[in-house]
Amino acid sequence: MPDARKGEVVTRFPPEPNGYLHIGHAKAAVIDYEYARMYDGIFILRFDDTNPVNEKKEFYDAQKEDLKWLGIEWDKEYRTSDNLPKHYELAKELLERGCAYICTCSEEEIRKNRRLGKECACRNRKEQPWDEFFKMKEGEAVLRLKGDMKSQNTAMRDPILFRIIDHPHPIHGTRFRVWPTYDFYGAIEDSLSGITHPFRTKEYELRDEVYFYILDCLDLRKPHLMEFSRLSIKGMPVSKRKLKPLVEKKLVWGWDDPRLPTLRGLARRGILAEAIKEFVLLQGISKSESVVVFENLEAVNRKLLDGMAKRLFFVPEPVKVIVENAPEREAVLKYHPSINMGERKVETKGMFYIPASDASKFEKGSKFRLKDLYNVVVLEKNDVIKGEYAGDELLQIPKIQWVTEEHYEMEVVIPLLPFKNGEFDENSLKITKGYVEKNIDEIKHGEIVQFERFGFVRIEKDGKTRGIKAHD
RNA sequence: GCUCCCGUGGUGUAGCCCGGCCAAUCAUUUCGGCCUUUCGAGCCGAAGACUCGGGUUCAAAUCCCGACGGGAGCACCA
């Protein structure tokens with residue numbers, strides 16, 4: 001990172017408390033956090049809550065929870081809204097220095113003049129009384145930066161710095177009604193709070209000029225702004241515009257639906273915080289826009305999960321198998337093939353269930369092995385498979401998972417990509433019914449296990465037991 | 001439309017600022033093999049890329065120009 005010295009780096013993550021955090025936020029937060037750590041610096045959490053219409057009280061805490069879940073810790077935390085008096089002070093100074101003006105043009109006029117590159121009369125008015133601004137009604141006036149109405153960069157055509165919003169703020173109530181815009185507070189806060197390396201996503205690039213111009217006008221320190229591209233996952237948009245309707249129309253379970261890229265959704269699905277971090281860091285801070293496929297996240301997650309998930313037998317779409325001459329045995333099954341996580345015991349007689357997908361491949365004479373038990377040869381195959389015990393010797397035959405009559409019925413939901421060709425896919429949540437061994441009782445709510453040859457599944461136990469498949 | 005940004009294998013990325021050590025890094029993916037009482041993990045191997053066209057140079061993925069492609073901005077939202 002340019003101009004970065006150990007111990008002198010300060011970064012920040014500035015979410016607006018208007019919703020739950022998603023993987024896009026995670027990218028920003030992780031990058032901010034990791035860079036601060038890398039340089040033994042300071043990482044600040046700043047709530048950019050300057051639009052009272054958007055902010056909701058619950059999200060301040062919700063976002064903090066999401067960050068904690070991610071394993072991110074911050075050294076300082078504050079709200080931009082708390083600094084409004086300072087912002088007013090600086091705005092007044094801007095006015096006095098002739099760098100800003102109060103504009104009473106209508107929204108449409110402002111837009112039109114911007115397009116035309118034309119200055120309005122307000123801009124050159126002699127008196128620019130800051131106090132008068134506070135007496136105006138919402139929509140009547142705004143504070144604008146005296147930029148350059150002819151600039152190639154339209155962001156520089158006198159951007160709005162403050163506007164009046166008569167709406168109670170979740171923290172401050174009706175204490176303020178004049179609120180700064182992103183252009184203003186973004187620059188001011190970064191500078192004042194000592195941020196050395198603020199990161200932001202590429203769509204703000206055109207606003208860099210405004211950012212530095214404002215700081216110049218006020219003789220404030222200029223941080224080293226950096227941009228990176230937004231993270232987008234194919235078939236999994238993060239924008240509130242696309243997600244909110246799904247939640248509102250109840251097309252998904254809620255903001256924590258396992259199909260969604262919200263941190264809560266991903267967590268519920270069984271994606272580990274550590275996987276998200278690694279995945280995000282893998283993308284780096286390049287400016288080239290990329291569409292990542294979800295499989296990349298899965299791959300990272302799978303490797304982490306492999307070393308910590310207990311193995312269990314789950315039989316989707318069970319088919320009954322009756323084994324003749326079956327020895328009655330107690331099978332001892334390890335919870336993990338290579339790490340000692342204990343074992344469980346299963347009493348077996350002559351009746352089993354195996355997955356239909358395996359059963360369909362067998363015909364009379366086929367041999368298979370009930371994994372960790374013994375071999376079976378197929379004698380007859382109808383709706384039920386009749387077979388016979390065929391020895392204990394380990395052979396090169398399919399080893400398949402099984403349950404006995406002692407089992408639970410269980411549903412596993414399989415989340416797919418929520419969007420297909422830009423449209424919500426109604427069939428994005430599949431449900432597989434099957435039988436699971438009773439040892440599922442040993443698994444805690446929220447634990448992630450591997451159902452062998454089925455996939456990694458997060459177990460939920462609220463009322464009934466159900467599984468949510470993370471991925472294969 | 002105008003302005004800005006971006007363009008390395010199927011996907012993501014390193015390298016580009018400071019041209020040569022790049023017959024291009026790492027991961028994922030796919031395919032083989034090994035290992036394994038899971039179609040998981042691990043190990044080994046293979047496949048696969050500098051958008052195109054000019055220019056500068058002894059030498060270009062790297063610098064310059066142009067084209068094409070993608071994205072963003074043109075909000076009193078961030």
Side-chain angles (χ1 to χ4, degrees), chain A residues 2 14-16 18 48-51 53-55 80 103 105-108 110-111 114-115 117 138-144 151-157 159-165 178-183 185-186 200-209 227 229-234 240-241 278-300 302-307 309 311-314 331 333-334 336-339 357-358 369-375 392-401 450-456 471-472:
Chain A
E16 183 183 17
N18 67 347
D48 278 349
D49 54 347
T50 61
N51 187 340
V53 194
N54 292 343
E55 326 323 2
T80 297
C103 182
C105 295
S106 70
E107 238 178 293
E108 300 83 84
I110 290 176
R111 217 187 315 248
R114 273 221 186 95
R115 220 178 12 247
E138 178 172 330
E140 238 176 29
V142 292
L143 184 80
R144 290 226 260 164
S151 172
Q152 289 270 48
N153 181 355
T154 48
M156 280 299 285
R157 320 248 254 235
I160 280 139
L161 266 23
F162 284 83
R163 76 290 212 205
I164 296 164
I165 302 174
V178 172
W179 294 95
T181 60
Y182 177 80
D183 278 326
Y185 73 70
R200 51 186 192 183
T201 44
K202 238 178 55 155
E203 66 265 26
Y204 297 113
E205 249 180 333
L206 275 325
R207 317 211 74 87
D208 287 6
E209 200 180 342
E227 270 102 9
S229 70
R230 256 200 144 119
L231 173 60
S232 51
I233 298 179
K234 190 161 181 250
K240 198 163 290 139
R241 205 187 78 252
E278 276 185 34
F279 168 74
V280 150
L281 257 11
L282 225 51
Q283 313 307 313
I285 52 169
S286 121
K287 274 164 84 171
S288 63
E289 57 276 337
S290 51
V291 184
V292 193
V293 286
F294 193 72
E295 283 80 64
N296 288 355
L297 214 202
E298 291 183 358
V300 178
R302 183 179 299 118
K303 282 175 191 170
L304 293 170
L305 239 28
D306 189 74
R311 271 51 174 179
L312 286 176
F313 288 175
F314 169 73
L333 308 171
K334 289 198 280 189
H336 194 280
S338 53
I339 299 167
S357 58
D358 289 314
R369 184 179 182 84
L370 296 168
K371 184 170 177 267
D372 290 312
L373 195 59
Y374 51 65
N375 305 328
D392 291 344
E393 191 193 354
L394 257 185
L395 301 170
Q396 293 288 4
I397 52 177
K399 290 158 192 103
I400 63 184
Q401 284 62 40
Q450 189 200 47
F451 285 159
E452 289 190 19
R453 292 196 315 139
F454 179 84
F456 291 94
H471 47 72
D472 288 332

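Below, chain A is the first sequence line, B the second, and so on; all start at residue 1. Because the structure is a prediction, the values reported are computed rather than measured.
Between S290(A) and rU13(B), a side-chain N or O to OP1/OP2 separation shorter than 4.0 Å is present.
Rounded to a whole angstrom, the distance from the C1' atom of rG48(B) to that of rG9(B) is 5 Å. rC52(B) and rG7(B): their C1' atoms are spaced 11 Å apart (whole Å). The same atom, P, is picked in rG66(B) and in rG20(B); the two are 25 Å apart, to the nearest Å. Comparing the C1' positions of rC50(B) and rG12(B) gives an interatomic distance of 16 Å, to the nearest angstrom. Comparing the same atom, P, in rG70(B) and in rU11(B) gives a spacing of 15 Å after rounding to whole Å. Comparing rC16(B) with rC77(B), their P atoms are spaced 41 Å from each other, to the whole Å. Rounded to a whole angstrom, the distance from the C1' atom of rU56(B) to that of rG69(B) is 26 Å. For the P atoms, the distance from rA14(B) to rG32(B) is 31 Å, rounded to whole Å.
The interatomic distance linking K334(A) (NZ) with rG40(B) (C1') rounds to 15 Å, in whole Å. We find that CG of L304(A) is positioned 10 Å from P of rG42(B), with the value rounded to whole Å. Rounded to whole angstrom, the span from the CG atom of L395(A) across to the P atom of rU36(B) amounts to 15 Å. Nucleotide rC2(B) holds its P atom 14 Å from the CZ atom of R157(A), rounded to whole Å. The distance from atom NZ of K287(A) to atom P of rG71(B) is 18 Å, rounded to the nearest whole Å. In this structure, the CD1 atom of I397(A) is 16 Å from the C1' atom of rU36(B), given to the nearest Å. Taking atom NZ of residue K234(A) and atom P of nucleotide rG70(B), one finds them 16 Å apart after rounding to whole Å. When the C1' atom of rU38(B) is taken as reference, atom CD of Q396(A) falls 14 Å away, rounded to whole Å.
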Checklist outcome for this item: Under a 4.0 Å heavy-atom criterion, the protein footprint on nucleotides 72-78 of chain B, written with B, S and -, is SSSSBSB

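Considering only residues two or more places apart in sequence or on other chains, R369(A) meets the salt bridge (Lys or Arg N to Asp or Glu O under 4.0 Å) condition with none of them. In terms of the side chain to side chain donor-acceptor pair (under 3.5 Å) criterion, residue partners of N18(A) (sequence neighbours excluded) are, by chain and number, E16(A), K240(A). Taking the ring-ring contact (aromatic ring centres under 6.0 Å, His included) definition, one finds that F294(A) meets it with nothing, sequence neighbours left out. Every residue meeting the side chain to side chain contact (heavy atoms under 4.5 Å, CB included) condition with T154(A), not counting sequence neighbours, appears here in chain and number order: R157(A).
Side-chain N/O atoms of Q450(A) and base N/O atoms of rU38(B) include a donor-acceptor pair closer than 3.5 Å. The base of rG70(B) lies close enough to the side chain of E289(A) for a donor and an acceptor atom to sit less than 3.5 Å apart.
Stem list for RNA chain B (at least 3 consecutive Watson-Crick or G-U pairs, distances under 3.5 Å): B:1-7 with B:68-74, B:10-12 with B:26-28, B:29-34 with B:42-47, B:51-55 with B:63-67.
Base contact: R311(A) has a heavy atom under 4.0 Å from a base atom. Counting non-hydrogen atoms under 4.0 angstrom, V53(A) reaches nothing in the nucleic acid. When heavy atoms are screened at a 4.0 angstrom cut-off, Q401(A) is found touching the sugar-phosphate backbone but no base atom.
In this structure, F456(A) and D306(A) have side chains that are in contact, with non-hydrogen atoms separated by less than 4.5 Å. Residues T181(A) and V142(A) form no side-chain contact, since every pair of their non-hydrogen atoms from C-beta on lies 4.5 Å or further apart.
Closest to the side chain of A299(A), from the set rG71(B), rU29(B), rU37(B), is rU29(B). Each of rC5(B), rA27(B), rG40(B) was ranked by its minimum atom distance to the side chain of E205(A); first place goes to rC5(B). The D372(A) side chain lies nearest to rU37(B) when the options are rU37(B), rG12(B), rC5(B).
Among the candidates K371(A), K399(A), K334(A), the single residue satisfying the salt bridge (charged side-chain N to carboxylate O under 4.0 Å, His left out) test with E452(A) is K371(A).
Here the CD atom belonging to E205(A) is positioned 4.0 Å from the NZ atom belonging to K287(A), to the nearest 0.5 angstrom. Taken from CG in D183(A) to OH in Y204(A), the straight-line distance is 10.0 Å, to the nearest 0.5 Å. Taking CG of L394(A) as the start and CG of N375(A) as the end, the distance is 7.5 Å to the nearest 0.5 Å.
Where L394(A) and L282(A) meet RNA chain B, the nucleotide closest to each residue was compared, and L282(A) sits on the side nearer the 5' end. Between S229(A) and N296(A), the residue anchored nearer the 5' end of RNA chain B, judged by the nucleotide with its closest heavy atom, is S229(A).
Counting non-hydrogen atoms of neighbouring residues, nucleotides and ligands closer than 6.0 angstrom, the CZ atom of R230(A) reaches no more than 12 such neighbours.
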